[in-house]
Each structure stands twice: as C-alpha cells, then as structure tokens.
Amino acid sequence: MSAKIIDGKAIAQTIRSEIADEVRLLSQNHAKVPGLAVVIVGNRKDSQSYVNMKRKACAEVGIKSFDIDLPEQVSEPELIAKVHELNANPEVHGILVQLPLPKHINEENVLSEISIEKDVDGFHPLNIGKLAMKGRDPLFQPCTPKGCLELLSRSGISIKGKKAVVVGRSNIVGLPVSLLLLKADATISIVHSRTTDPESIIREADIVIAAAGQAMMIKGDWIKPGAAVIDVGTNAVDDPSKKSGYRLVGDVDFHEVSKVAGWITPVPGGVGPMTVAMLLRNTLDGAKRVIRQ
C-alpha cells in the first residue's frame with residue numbers, strides 16, 4: 001500500500017479540543033455559551049443515532065444542546081412554529097433539523113424557515129447562493145463539504161491550481177463541495193449518473209471527492225498515481241462474518257485505490273467524524289458572530 005491514510009478521527013479530535021478551548025474562553029470572557037438546537041421528527045433508528053452522536057459531541061466541547069424531539073405525526077405548520085421559536089431564542093446559535101423528515105412534511109419549506117444566522121447546516125438557499133458567487137461568503141458552509149476541505153488542508157494537500165473531480169451532485173455534498181473547491185482555486189469537474197466514460201475524467205484528477213452513494217464503484221485503475229482521494233460514501237454491504245451481518249464501505253474500492261493514490265480516507269473513520277466537528281465549529285462561529293454584533 002502506497003497511500004497515506006488521512007485519519008479523520010484523529011483530525012476531528014484535534015479540532016474538537018481546539019473548539020473546547022475556544023468555548024471555555026467565550027464563557028469566561030463574555031459569559032456566553034454557544035447553543036445548538038437539534039430537532040428530530042419521529043424515531044428512525046439511523047436518525048436517532050446521528051442525533052445522539054451530535055448531542056454527545058456538544059457535551060464534550062461545552063456547547064449547550066437544546067433537544068427537540070417531535071412525534072412522527074407532527075404537522076408541517078407545527079414544525080415550522082418550533083423553528084420560529086428557536087430562531088427567536090437568543091441562547092440558540094445554531095439550528096439543525098435532522099433529515100430525512102417524514103413524507104408528509106416538505107423539507108425545503110422547513111429548512112428555508114431557519115434563520116440564515118443560525119443555519120449551521122449551511123443548507124439555506126441564501127448560504128448556498130453566496131457560496132456559488134465569486135467574492136461573496138456564506139455565513140456557514142455545509143458541514144461535510146467543509147470537513148472534506150479541512151482534511152485536505154490539515155494533511156498538507158494544496159488545492160490551488162489542481163484538477164479536482166467530484167463524483168456525485170447532491171445538494172448535501174456533491175454540489176457544495178465542488179463550489180468550495182472552486183473557491184479554493186481548483187479546476188472542477190463533476191461526474192454523475194449521466195456522465196459518459198466517468199473513469200477517464202476521474203483519472204485526470206489530482207483530488208477526487210467521492211460522494212455518489214455507490215459501494216466501491218471507484219477502482220484502482222480509475223485513479224491517477226499520487227492523487228488525494230476523499231471518500232464520503234457510507235454504504236452497507238452484506239458480510240456474514242460480522243455480528244451485524246454487514247460492514248460499511250465507501251464509494252471507493254479502498255483495497256485497490258490505496259495502492260495507487262497518494263492519500264486516502266478510510267470508511268468509516270474518514271469524513272464522518274469531520275462532519276460533526278464542523279457542525280460544532282459552525283455553532284461556535286455563530287455564537288462569536290452574535291458577540292461581535
């Protein structure tokens with residue numbers, strides 16, 4: 001294996017301890033503690049575990065967590081009223097509505113009601129719009145894309161002038177990470193389900209960010225030797241040897257690609273921990289912005 005492993009877990013832990021120090025100073029100097037409201041609707045197992053992880057992470061760095069657990073059958077107007085209540089609460093500096101929401105609720109309607117000053121997920125159309133514009137900066141960058149760039153930066157991988165290929169075009173990762181790479185002066189290509197001959201495009205990339213949701217689709221011979229590969233994918237594949245009956249793999253065939261790439265993130269333990277660290281960072285930044293006003 002030639003690739004250096006980018007240890008997202010270790011990098012995220014360093015960032016968390018930096019945040020904990022800043023939160024302590026904020027509390028001492030301004031008597032203010034950053035607050036994050038996490039809203040969950042219903043009791044999907046995966047959403048519950050994500051939310052518990054986020055709440056635990058808040059406690060670890062000293063951020064106050066506001067836990068809003070709503071029943072599956074809550075109406076859209078009731079959920080929006082709850083968002084408005086959190087918008088008006090001065091102790092809340094970030095609002096996160098855990099997705100997906102139940103089918104009877106329109107996600108876009110709910111997300112666009114979150115105050116742009118508290119949009120720590122970075123999904124508000126105004127934040128994404130500013131991300132897309134030259135010379136403008138969003139108040140918040142989406143957490144997973146921001147985490148991907150932080151992994152590159154803290155691993156000493158320069159982006160300026162490099163060819164970067166993003167695999168996938170979702171609103172949550174693919175689109176915003178390509179905009180962030182563009183802002184960092186990379187030359188961008190986006191490969192998606194309608195792209196013909198994706199291998200030849202990916203093969204030219206100095207940086208590959210895989211976020212397609214297709215288990216191990218990117219093979220070793222698709223990668224330029226020495227490229228940096230950030231694997232955002234988290235896919236469950238059957239594995240009878242595991243107690244759970246499955247194991248998690250990325251969108252990249254780790255075994256093959258790690259022999260060719262210069263750097264690679266593992267799954268799990270690569271991008272996932274960074275997403276939570278960036279959520280904490282955004283919440284802290286929201287609180288600092290309020291103090292400066």
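For the numbers below, each heavy atom of this structure counts, side chains included, while hydrogens, waters and symmetry mates do not.
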Could you check whether any side-chain heavy atom of [X] comes within less than 4.5 Å of a side-chain heavy atom of [Y], counting everything from C-beta outward?
X: Ile6; Y: Ile264; value: no
X: Ile19; Y: Ile15; value: yes
X: Met274; Y: Met278; value: yes
X: Glu113; Y: Lys82; value: no
X: Ser47; Y: Pro100; value: yes
X: Leu79; Y: Val41; value: yes
X: Ile40; Y: Ile68; value: no
X: Pro142; Y: Asp121; value: no

If every non-hydrogen atom of [X] is compared with every non-hydrogen atom of [Y], which pair is closest and at what distance?
X: Ile5; Y: Pro266; answer: CG2-CD, 3.9 Å
X: Pro34; Y: Leu284; answer: CG-CD1, 4.0 Å
X: Asn87; Y: Ser115; answer: OD1-N, 3.0 Å
X: Ile190; Y: Gly168; answer: CG2-O, 3.7 Å
X: Ala236; Y: Tyr246; answer: CB-CD1, 3.8 Å

Q | Option passing side-chain contact (heavy atoms from CB on, under 4.5 Å) with Ile114 (candidates Val120, Val39, Asp119) | A |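 That would be Asp119; it is the only one of Val120, Val39, Asp119 passing the side-chain contact (heavy atoms from CB on, under 4.5 Å) with Ile114.
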Q. Taking only residues two or more places apart in sequence, or in another chain, which ones meet Asp46 in a salt bridge (Lys or Arg N to Asp or Glu O under 4.0 Å)?
A.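 Result, salt bridge (Lys or Arg N to Asp or Glu O under 4.0 Å) vs Asp46: Arg44.
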State the [atom1]-[atom2] distance between [X] and [Y], to the nearest 0.5 angstrom.
X: Gln98; Y: Leu96; atom1: CD; atom2: CG; answer: 6.0 Å
X: Leu86; Y: His93; atom1: CG; atom2: NE2; answer: 12.5 Å
X: Lys242; Y: Leu248; atom1: NZ; atom2: CG; answer: 9.5 Å
X: Leu36; Y: Leu280; atom1: CG; atom2: CG; answer: 7.5 Å
X: Ile105; Y: Ile80; atom1: CD1; atom2: CD1; answer: 8.5 Å
X: Leu131; Y: Lys146; atom1: CG; atom2: NZ; answer: 11.0 Å

Donor-acceptor check, side chain of [X] to backbone of [Y], threshold 3.5 angstrom: yes or no?
X: Ser2; Y: Lys259; value: yes
X: Asn127; Y: Phe123; value: no
X: Thr14; Y: Ala10; value: yes
X: His104; Y: Val74; value: yes
X: Lys130; Y: Asp137; value: no
X: Lys183; Y: Arg136; value: yes

When the side chains of residues 216-223 are checked against the rest of the protein, which donor-acceptor pairs come out under 3.5 Å, sequence neighbours left out?
unit_1, atom_1, unit_2, atom_2, d
Lys219, NZ, Met216, O, 3.0
Lys219, NZ, Asp253, OD2, 3.2

Q | side chain to side chain donor-acceptor pair (under 3.5 Å) between Asn106 and Glu76, intermediate numbers included | A | CA-CA 7 Å; Asn106 181 313; Glu76 189 177 301; 5.5 Å; no
Is there a path of hydrophobic side-chain contacts, each under 4.5 Å between heavy atoms, that joins [X] and [Y]?
X: Ile172; Y: Val51; answer: yes
X: Val33; Y: Leu26; answer: no
X: Ile209; Y: Trp263; answer: yes
X: Ile207; Y: Leu149; answer: yes

Please list, one pair per line, the donor and acceptor atoms closer than 3.5 Å that link side chains of residues 286-293 to other protein atoms, with sequence neighbours excluded.
unit_1, atom_1, unit_2, atom_2, d
Lys288, NZ, Glu22, OE1, 2.6
Arg289, NH2, Leu139, O, 2.9

Tell me every residue that passes side chain to side chain donor-acceptor pair (under 3.5 Å) with [X], counting only those two or more places apart in sequence or in another chain.
X: Ser75; value: Glu78
X: Lys224; value: Asp206
X: Asp21; value: Arg24
X: His30; value: none

Q: Please collect all salt bridge (charged side-chain N to carboxylate O under 4.0 Å, His left out) contacts where either partner lies in residues 52-63, sequence neighbours excluded, each pair once.
A: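 Qualifying pairs: Arg16-Glu60, Arg55-Asp67, Arg55-Asp69.
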Atom pairs and distances, side-chain donor-acceptor, residues 227-235, under 3.5 Å, sequence neighbours left out:
unit_1, atom_1, unit_2, atom_2, d
Asp231, OD1, Gly233, N, 3.1
Asp231, OD1, Asp251, N, 2.9
Asp231, OD2, Asp251, N, 3.2
Asp231, OD2, Val252, N, 3.1
Asn235, ND2, Val249, O, 3.3
Asn235, ND2, Gly250, O, 3.2
Asn235, ND2, Asp251, OD1, 3.0

Only distances under 3.5 Å count here; give the side-chain donor-acceptor pairs of residues 173-181 to other protein atoms, sequence neighbours excluded, each with its distance to 0.1 Å.
unit_1, atom_1, unit_2, atom_2, d
Ser178, OG, Gly174, O, 3.2
Ser178, OG, Leu175, O, 2.6

Q: Evaluate the criterion side chain to side chain contact (heavy atoms under 4.5 Å, CB included) for residue pair Lys118 and His124; output intermediate values, then yes/no.
A: CA-CA 10 Å; Lys118 300 189 180 189; His124 193 289; over 6 Å; no
Q: Could you go through the side chain to side chain contact (heavy atoms under 4.5 Å, CB included) check for Val271 and Thr275 one step at a time?
A: CA-CA 6 Å; Val271 177; Thr275 301; 4.1 Å; yes
**Q.** Atom CD of Gln28: over 12 foreign heavy atoms under 6.0 Å
**A.**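 Enclosed: over 12 neighbouring heavy atoms sit under 6.0 Å from CD of Gln28.
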**Q.** More than 12 heavy atoms of other groups within 6.0 Å of Asp197 CG
**A.**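 Atom CG in Asp197 is packed in, count exceeds 12.
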Side-chain donor-acceptor contacts of residues 153-167 below 3.5 Å, not counting sequence neighbours, with atom names and distances?
unit_1, atom_1, unit_2, atom_2, d
Arg154, NE, Glu150, OE2, 2.7
Arg154, NH1, Glu18, OE2, 3.1
Arg154, NH2, Glu18, OE1, 3.0
Arg154, NH2, Glu150, OE2, 3.3
Ser155, OG, Leu151, O, 2.7
Ser158, OG, Lys162, NZ, 3.2
Lys162, NZ, Ser158, O, 3.1

Q. Taking only residues two or more places apart in sequence or in another chain, which ones pass side chain to side chain contact (heavy atoms under 4.5 Å, CB included) with Leu99?
A.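 Leu101, Glu107, Leu111.
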